[in-house]
Amino acid sequence: MVHDIDSIRLSGRIVETEAYPVGDAAGHAFRGETRRNRSLFLERGHAYVYFTYGSSFLLNVTSETPGVGAGVLLRAIEPLQGIEAMAGFSATTRLADIGRGPGRLTKALQVDLRQDGLDLCAAGPLWLAAIERKTGAINKSVRIGITRNAHRLLRFYERGNAHVSGPKKLRR
DNA sequence: AAGAAGATTCGCT
DNA sequence: GCGAATCTTCTTA
């Protein structure tokens with residue numbers, strides 16, 4: 001995930017995600033389109049950003065065809081470029097905490113409502129890049145912080161990566 | 001029009 | 001590990 005701001009490049013490797021597929025009662029699109037979630041209905045590869053708990057912005061990548069609401073929540077990144085700048089935006093000092101958690105991720109990358117609806121697969125300030133990097137084993141678990149439809153194994157993370165959020169049991 | 005819940009984080013213990 | 005902070009959105013009356 002890359003965000004170019006003020007001639008600085010902020011980027012990180014996505015190491016943890018959660019899926020919110022079509023028909024999932026835990027997904028924001030479940031009850032239809034509203035002003036808040038309208039970006040979630042954009043074609044796959046667009047950003048859906050929303051504000052929650054009075055404190056945090058959360059970033060999703062849409063995953064379906066236009067008019068169908070579904071997406072993937074980005075829960076954690078391993079910082080790659082602009083690390084010092086991201087540390088400055090972050091409330092925490094430890095490297096492993098800068099991108100650890102969906103709210104911290106957006107804070108580090110300086111993502112807020114201004115990026116809502118952007119095409120992440122096109123040229124622009126916020127975009128998804130392919131990188132050469134060996135990937136570890138990908139594990140799955142239940143999703144974190146939800147109550148409805150909570151049993152499904154729709155959280156995916158790189159096993160043992162220090163930048164993955166959640167309790168220890170959910171990082172192995 | 002009012003109230004409850006929420007895809008969280010931070011500070012304490 | 002637990003509770004407060006904080007505010008938008010959706011639900012219910």
Side-chain angles (χ1 to χ4, degrees), chain A residues 1 3 10 12-64 68-79 83 85-118 120 126 128 138-159 161-172:
Chain A
M1 191 78 237
H3 194 189
L10 309 175
R13 179 170 168 264
I14 299 166
V15 294
E16 179 187 356
T17 64
E18 283 179 359
Y20 289 85
V22 175
D24 175 15
H28 285 186
F30 187 64
R31 289 179 184 76
E33 190 171 337
T34 64
R35 189 162 78 243
R36 176 213 216 185
N37 69 17
R38 77 189 150 78
S39 297
L40 197 47
F41 292 78
L42 295 172
E43 179 167 29
R44 56 175 64 90
H46 284 69
Y48 164 49
V49 182
Y50 71 95
F51 186 64
T52 193
Y53 288 111
S55 59
S56 306
F57 294 100
L58 273 61
L59 171 63
N60 297 254
V61 181
T62 63
S63 59
E64 291 293 335
V68 179
V72 173
L73 170 69
L74 304 188
R75 288 196 55 93
I77 55 166
E78 176 182 336
I83 294 179
M86 289 195 283
F89 302 134
S90 177
T92 168
T93 52
R94 293 176 47 209
L95 174 63
D97 287 338
I98 291 175
R100 200 171 152 275
R104 290 171 174 167
L105 179 153
T106 57
K107 193 156 193 183
L109 289 177
Q110 293 287 283
V111 168
D112 57 33
L113 260 24
R114 287 173 297 183
Q115 284 77 41
D116 186 36
L118 289 183
L120 304 177
L126 189 66
L128 287 163
I138 305 297
N139 279 12
K140 60 188 172 187
S141 78
V142 294
R143 292 171 292 183
I144 295 176
I146 65 169
T147 53
R148 290 190 298 246
N149 215 359
H151 64 284
R152 301 181 70 181
L153 299 178
L154 291 175
R155 172 174 172 268
F156 304 90
Y157 58 97
E158 186 176 52
R159 183 169 73 189
N161 188 299
H163 301 82
V164 171
S165 74
K168 264 188 185 161
K169 287 201 166 192
L170 295 183
R171 293 189 236 160
R172 292 177 299 170

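So that the names make sense, note that chain A is the first sequence line, chain B the second, and so on, each numbered from 1. All values reported here derive from a predicted model rather than from experimental measurement.
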State, yes or no, whether a side-chain contact exists between [X] and [Y] at a heavy-atom distance under 4.5 Å.
X: Tyr48(A); Y: Asp116(A); answer: yes
X: Ile144(A); Y: Glu16(A); answer: yes
X: Tyr157(A); Y: Arg75(A); answer: no
X: Leu154(A); Y: Glu18(A); answer: no
X: Met86(A); Y: Leu109(A); answer: yes

Whole Å only: how far is the [atom1] atom of [X] from the [atom2] atom of [N]?
X: Asp97(A); N: dG11(B); atom1: CG; atom2: C1'; answer: 14 Å
X: Asp24(A); N: dG6(B); atom1: CG; atom2: P; answer: 14 Å
X: Leu170(A); N: dT8(B); atom1: CG; atom2: P; answer: 13 Å
X: Tyr50(A); N: dA7(B); atom1: OH; atom2: C1'; answer: 4 Å
X: Arg38(A); N: dT8(C); atom1: CZ; atom2: P; answer: 16 Å
X: Phe51(A); N: dT9(B); atom1: CZ; atom2: C1'; answer: 12 Å
X: Asp112(A); N: dT8(C); atom1: CG; atom2: P; answer: 14 Å
X: Arg31(A); N: dG6(B); atom1: CZ; atom2: P; answer: 10 Å

Which atom of [X] lies closest to which atom of [Y], heavy atoms considered:
X: Gly117(A); Y: His46(A); value: O-CD2, 3.5 Å
X: Glu158(A); Y: Val164(A); value: O-CG2, 3.7 Å
X: Gly103(A); Y: Ser56(A); value: CA-CB, 4.0 Å
X: Ala19(A); Y: Phe156(A); value: CB-CE1, 4.4 Å

Presence of [X] side-chain N/O under 4.0 Å of [N] phosphate oxygens OP1/OP2:
X: Arg100(A); N: dT9(B); result: no
X: Thr52(A); N: dT9(C); result: no
X: Arg75(A); N: dT8(B); result: yes

Looking for any heavy atom pair under 4.0 Å, which part of the strands does [X] touch: base, sugar-phosphate only, or nothing?
X: Arg35(A); result: nothing
X: Ala91(A); result: sugar-phosphate
X: Asn60(A); result: base
X: Arg36(A); result: sugar-phosphate

Inset, instruction - Name the closest nucleotide to the Ser56(A) side chain, picking from dC10(C), dT9(B), dT11(C). - result: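 The answer is dT9(B).
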Inset, instruction - State which of dT8(B), dC10(C), dC7(C) makes the closest approach to the side chain of Pro102(A). - result: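 Given the options dT8(B), dC10(C), dC7(C), the side chain of Pro102(A) is closest to dT8(B).
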Legend entry - Watson-Crick or G-U wobble mate for dT6(C), both contacts under 3.5 Å: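 None - no nucleotide pairs with dT6(C), as no candidate has both distances under 3.5 Å.
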Inset, instruction - Using the P atom on both, measure dG1(C) against dA7(B) and round to a whole Å. - result: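 It comes out at 22 Å once rounded to the nearest Å.
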Legend entry - Pairwise P distance, dA5(B) and dG3(C) [rounded to whole Å]: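 Rounded to whole Å, the distance is 16 Å.
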Can you name the atoms? Protein N/O to nucleotides 2-5 of chain B N/O, anything below 3.5 Å, with the distance.
none

Mind listing the N/O atom pairs, protein and nucleotides 2-5 of chain C, below 3.5 Å?
none

Inset, instruction - Could you tell me whether a side-chain N or O of Arg104(A) sits under 3.5 Å from a main-chain N or O of Arg100(A), the two making a donor and an acceptor? - result: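 Yes; judged by distance alone, with no hydrogens or angles, the pair exists.
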